[in-house]
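Here's the structure we're looking at; comments come further down.
Any value given below was found using the heavy atoms of this structure, including those in side chains, with hydrogens, waters and symmetry copies removed. Each chain gets a letter, A, B and so on, in the order its sequence line appears, and its residues count up from 1.
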2 protein chains.
Amino acid sequence: MPPSSPDVPGSTEASRSASLADVAALAGVSAGTVSRALSRPDMLSEATRTRVLAAAERLGYVANGAARALAMRRSFTVGAIVPRFGRSSFPTMVQALEATLAAAGYTLLLSAPERARGHDPALLRALLERGVDAVALLGADQPPAVFAALAAHRRPFVLLWAEHSAQGPCVGFDEADAGAQLVAHLASLGHRRIGILSGSTVDNERAQRRLRGLTAAVARHGLQLHPEAVVETETGFAPGFAAMQTLLARRTPVTAVVCANDYLAAGALSALDQAGIAVPAQMSVASFNDNDFAAFLHPPLTTVRLPIQEIGEQAGRLLLASLRGDAPPANPLLPATLVVRASTGPAPG
Amino acid sequence: MPPSSPDVPGSTEASRSASLADVAALAGVSAGTVSRALSRPDMLSEATRTRVLAAAERLGYVANGAARALAMRRSFTVGAIVPRFGRSSFPTMVQALEATLAAAGYTLLLSAPERARGHDPALLRALLERGVDAVALLGADQPPAVFAALAAHRRPFVLLWAEHSAQGPCVGFDEADAGAQLVAHLASLGHRRIGILSGSTVDNERAQRRLRGLTAAVARHGLQLHPEAVVETETGFAPGFAAMQTLLARRTPVTAVVCANDYLAAGALSALDQAGIAVPAQMSVASFNDNDFAAFLHPPLTTVRLPIQEIGEQAGRLLLASLRGDAPPANPLLPATLVVRASTGPAPG
DNA sequence: TTGTAGGCGTTATCAA
DNA sequence: TTGATAACGCCTACAA
């Protein structure tokens, strides 16, 4: 990519990088021809094509995307708004998204606001100003203004990790089914009294859905779910630790606990360990598995594994389809897989 | 941001989004004036300014970044090349970087190649074509072509998580000191025979540095480090698990193990647990702490905490300084903090 | 304080 | 197959 000799012999001034015109001059053709040589090589004669390409190579020519975007009215750039980046499974998703897009010549413009700025309309505006051709949004709980702006600017978009949305296409997990698998497993082992450690549902549509799916399954199986047995908390190890302590302190009798994600599970298991409660002998623990590290927590636990990467890939494909003008396919709903690592019924008594 | 009514009454055609000229027409001024109203409001009279701003608001005007970039020769965009995204502390760093840049009006263009594409020159080229004003590179082990291209295009850049580089400014941790703190701690407890679980050093300059710092400290303290007691492996829970099993299988006598990161530590602790080896009673474990979850692993372990976020922030500030034209400050070297959670000497015998 | 006009580097249309 | 030439939408002297 860099010219073998950064400066062209003859042009002493090492000023700005080479433009189409420079290449054209060196190759002895017009700028238009150079443009074609680069984008539609088959339109040129063999001779000129090689001559132009050589000149471009020699000058270390790199196209000016701004000029191209201005002329073509598209930037080959996709924006993504992804809150709560660190300490979550989002990065895995984003990498998959980026890889899928990159393979098609698109680059990702990332907006990774911390929680407070999560719904700031300025985020999307910044992306729009950069001329993104499409946008990936995490979660379905976006303010209406976002969709309005997207529509006003005719930008295709996709919601990641969202099951349904009246607003547009989305790709998500079948979380209700995932929760049902977890609960069914516990029920089959004979557990009747369940506890739940949920992620904070305020302003978090995914956590809400996860909790709803769980409670619905509990009801279907006729299990007991005491209101006191549901603890809602921030996601993280420490919060999970504290939440489990809270649950224990309430002394609500439960024989199994379902954690809404593996961060909470990790913390909860630590708390149980510290309290001297054996898992799964005295207490069963099951968990959603977003980050795939739950498998290595100390006591074996049962999880439903969500295919995080695939969300990113599917979202990428969907976006590319929209950009190509294809009709968007039906919203994919990715299945979760139950992984059983400990099978124990409730402790007697 | 979206216009209250997406379409302007009168202009039935809901074609492309509004341009400067459209706003100018609606406000009854020239395009130049609109441009000024948006970028240098203090140059206008109170009256026209409000009139123009109202018109812009009414049309839901969003600047065309491509045109702006073309005219200004800068895009207010920074590229980042960040390999191995998932399952690492990079996302935390990137979020901090993004936040710092966003506060100054810059947006991040992300390139998150999987390992194979990690050093593909096309990555940087794609960024350059998008017109990034500067570039953030993860790690110092970049191919020379990268620096050549950066220089040829006069793009400021910064190396993240790199201590020194002849190529340019970088911000990193004092890893040697971090390793020294760990080893000194173990030595002070009376450990003499140490084992090391290292991340793979092939093609990974950070892992290399970490291992070097460790072995140097071991030598300084006169401890024993049998070649067989150093196991090098991929980073991750499962690899850590396997690596510890390997170490145990070799039967090299060690009383303490240092893990090069907390993924490895987590896996190693699981392996020790499964092997029925008590930590720290029978075996002490110490670890670098990149991801801040080691604290919640089952047995308490001693760690050195590396300020990951700060790397991102510092890098952002450095980049902004370069973009401003300021002389870059000296390469910051962030200190690590020892966190002692278990203090036990070697098991007798 | 405001308008005018040239230029930024590509792409695309239309002739040649 | 190639060369002019006109957009693309914005910024910024320079002039008024």
Using a 3.5 Å cut-off and no angle test, enumerate the donor-acceptor pairs between side-chain atoms of residues 32-41 of chain B and protein atoms at least two apart in sequence or in another chain.
from: B/T33; atom 1: OG1; to: B/S30; atom 2: OG; distance (Å): 3.2
from: B/S39; atom 1: OG; to: B/S35; atom 2: O; distance (Å): 2.8

Return each pair, listed once, that meets salt bridge (charged side-chain N to carboxylate O under 4.0 Å, His left out) where at least one residue sits in residues 155-172 of chain B; pairs must be two or more places apart or across chains.
B/E163-B/R209
For residues 135-145 of chain A, please give each side-chain donor-acceptor pair under 3.5 Å, one per line with the distance, not counting sequence neighbours.
from: A/D141; atom 1: OD2; to: A/E205; atom 2: N; distance (Å): 3.0
from: A/Q142; atom 1: NE2; to: A/L138; atom 2: O; distance (Å): 3.3

Pairwise N/O distances under 3.5 Å, protein to nucleotides 1-5 of chain C:
from: C/dT2; atom 1: OP1; to: B/S45; atom 2: OG; distance (Å): 3.0
from: C/dT2; atom 1: OP1; to: B/T48; atom 2: OG1; distance (Å): 2.9
from: C/dT2; atom 1: OP2; to: B/S45; atom 2: N; distance (Å): 2.9
from: C/dT2; atom 1: OP2; to: B/T48; atom 2: OG1; distance (Å): 2.8
from: C/dG3; atom 1: OP2; to: B/S30; atom 2: N; distance (Å): 3.1
from: C/dG3; atom 1: OP2; to: B/S30; atom 2: OG; distance (Å): 3.2
from: C/dG3; atom 1: OP2; to: B/T33; atom 2: OG1; distance (Å): 2.4
from: C/dG3; atom 1: N7; to: B/R36; atom 2: NH2; distance (Å): 2.8
from: C/dG3; atom 1: O6; to: B/R36; atom 2: NH1; distance (Å): 3.1

Let me know the distance between CZ of A/F76 and P of C/dT10, rounded to the nearest Å.
15 Å
For B/A104, which residues count as a side-chain contact (heavy atoms from CB on, under 4.5 Å) partner, sequence neighbours excluded?
B/Y106, B/L320
The first and last nucleotides of DNA chain D lying within contact of chain B, meaning any atom under 4.0 Å from one of its heavy atoms, run from D/dG9 to D/dA13
Proximity to the side chain of A/R40 - top-ranked nucleotide from C/dC8, C/dT11, C/dA12
C/dA12
Given that A/A71 and B/A71 both sit by DNA chain D, which one's nearest nucleotide is further toward the 5' end?
A/A71
Residue list, side chain to side chain donor-acceptor pair (under 3.5 Å) with B/R68, at least two apart or on another chain:
none
Spacing of A/L20 atom CG relative to C/dA12 atom C1', expressed in whole Å:
13 Å
Apply side-chain contact (heavy atoms from CB on, under 4.5 Å) to A/E313 and list each qualifying residue two or more places apart in sequence or on a separate chain.
A/A96, A/T100, A/Q309, A/E310, A/R317
Output the rounded distance in Å from CG (B/L128) to P (C/dG9).
15 Å
Quick one: sort the A/F90 and A/W161 rings into parallel, tilted or perpendicular, breaks at 30° and 60°.
perpendicular
Spacing of A/M72 atom CE relative to C/dG9 atom C1', expressed in whole Å
14 Å
So the salt bridge (charged side-chain N to carboxylate O under 4.0 Å, His left out) pairs with at least one residue in residues 42-51 of chain A (sequence neighbours excluded) are A/E46-A/R49
Applying side-chain contact (heavy atoms from CB on, under 4.5 Å), name anything that partners A/S111, two or more places apart in sequence or on another chain.
A/I81, A/P113, A/L123, A/L127, B/E98
Nearest-angstrom distance from the residue atom CG of A/L38 to C1' of C/dT11:
12 Å
Please find the pair of heavy atoms, one from A/I311 and one from A/G172, that lie closest to each other, and give the distance.
CD1-CA, 3.6 Å
Residues in side-chain contact (heavy atoms from CB on, under 4.5 Å) contact with A/A67, at least two apart in sequence or another chain
A/N64, B/L70
Bend angle of the helix from C/dT1-D/dA16 to C/dA16-D/dT1, from helix axes over five pairs at each end, nearest 10°:
30°
